[in-house]
Amino acid sequence: MSSPSSPSSPSSRSVVAGLDGSAESLAAAEWAASEARRRALPLRIVHIGQDRAPTLVRPPLPVPAPATATAGTVLTRRRAGRVPREVADRLRRAVPGLDVAVEQGPGRPARALLSAARDAEVLVLGSRGLGALGGLLAGSVSLPVIAHAPCPVVVVRAPATAWGPPGPTGDAPGRDGDAVPRGGEVVLGLDLVRPSEALVGYAFDAAASRGAALRVVHGWSAGTGHGGSASAAPGPGGGPSRPGTPPLTGVLRPWRDMYAEVPVAEQCVVGSPGEHLAEAARGASLLVVGRRVRHAALGAHIGPVAHAVLRHCAAPVAVVPHA
């Protein structure tokens, strides 16, 4: 791996949140607002419509203030059309000075999100979405977007209550009851066979911007002889690196020099990557995993480790594309 270079944030770029009116996408918008604040970037809310009215899972919510939205809640089309403006207004109040823009209109969700991702520093999605069969931003949309987006994609789960009560206390991202964990380390899953500079740089930058510690974990499956992208065990202490791979300490040394303020813990273990990473990320503010770029136009291949942690990890998961 070459010498690290500092991540840049061009002024033309932004943090993009996909919104469909579900509690999960509201949690994603809230997380995206906090990320935009950390990066000093504008926030773009891309509201994805659909041609037919959604199936109601729960009664329509009172608008404004999706304070009682729980995971799985959806809105009627008429009310959902007003949600993006109201969400933008609420985020502006919660984060004074935040530049929030709303893009709204019908269209194929995956295509619209991939188009928005071209100019995004990061794209943020909820883990489920609006619709009859698991949602507009569910697997049928989110997986192709994650598989083909040119930027990192962060997937956020909605907690029991996506947003706190309206008013000064409930409006601020990062408070109790919202989607943004307070504190917690950043966990990076790293493949030592072909360590990615983009992946490591994203994780160090994320830890530095949060004032958090970084835990870098690598694992391999001794039974199959194939190295997993990453794995971690819940207990402390290191473990064996896969034979034939560079030492984890050596891979991280230039990054530790660049980000001297970031405390770093290293862990190498043997085991199933996805399951161990999900366990390791309990209480984490962010889990970072990689996705190797594929040039095939079809399919939604994101790799077994990324797929597993997206299914099982409660923390926000950043999937970073790399060569």
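In this chain, residues are counted from 1 in sequence order.
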Contacts of Arg292 meeting side chain to side chain contact (heavy atoms under 4.5 Å, CB included) (sequence neighbours excluded), chain-then-number -> Asp191, Arg194, His322
* Can you check side chain to side chain contact (heavy atoms under 4.5 Å, CB included) on Val87 and His47, steps first, answer last? -> CA-CA 11 Å; Val87 169; His47 181 237; over 6 Å; no
Practice item. Considering only NZ, NE, NH1 and NH2 on the basic side and carboxylate oxygens on the acidic side, decide whether Arg39 and Glu35 come within less than 4.0 Å. Key: yes
Next item on the list: For the pair Glu103 and Arg44, find out whether any cationic side-chain nitrogen is under 4.0 Å from an anionic carboxylate oxygen.
Entry: yes
* Asked: So do Asp99 and Leu43 actually touch side chain to side chain, heavy atoms under 4.5 Å?
  -> no
| Any donor-acceptor N/O pair, Arg210 side chain to Ala206 backbone, under 3.5 Å | yes
Side chain to side chain donor-acceptor pair (under 3.5 Å) filter on Thr249, not counting sequence neighbours, yields Glu266
For this session: Please tell me if the side chains of Val16 and Val122 come closer than 4.5 Å, counting only heavy atoms from C-beta onward.
Result: no
Pro84 and Val102 have their tightest heavy-atom pair at CB-CG1, 3.6 Å
Before giving the answer on side chain to side chain contact (heavy atoms under 4.5 Å, CB included), spell out for Trp255 and Val216 the whole-Å C-alpha distance, their side-chain angles and the decisive distance to 0.1 Å.
CA-CA 12 Å; Trp255 295 96; Val216 184; over 6 Å; no
Arg215 (side chain) donor-acceptor with Ala280 (main chain) under 3.5 angstrom: yes
Checklist line | Leu19 backbone acceptor or donor facing Ser25 side chain under 3.5 Å | finding: no
So do Leu277 and Val187 actually touch side chain to side chain, heavy atoms under 4.5 Å? yes
Quiz prompt | Whether Ser209 side chain and Asp205 backbone form a donor-acceptor pair below 3.5 Å | solution = yes
Salt bridge (charged side-chain N to carboxylate O under 4.0 Å, His left out) filter on Arg311, not counting sequence neighbours, yields none
Exercise. Quick one: does Arg291's side chain have a donor or acceptor within less than 3.5 Å of a partner on Val319's backbone?
Worked result: no
Heavy-atom closest pair (Val262 atom, Ala212 atom, distance to 0.1 Å) is CG1-O, 3.8 Å
Heavy-atom distance under 4.5 Å between the side chains of Val124 and Val15, does that happen here? yes
Discussion item. Using a 6.0 Å distance limit plus a 45 degree cone around the ring axis, check whether Arg38 lies over the aromatic ring of Trp31.
Written reply: yes
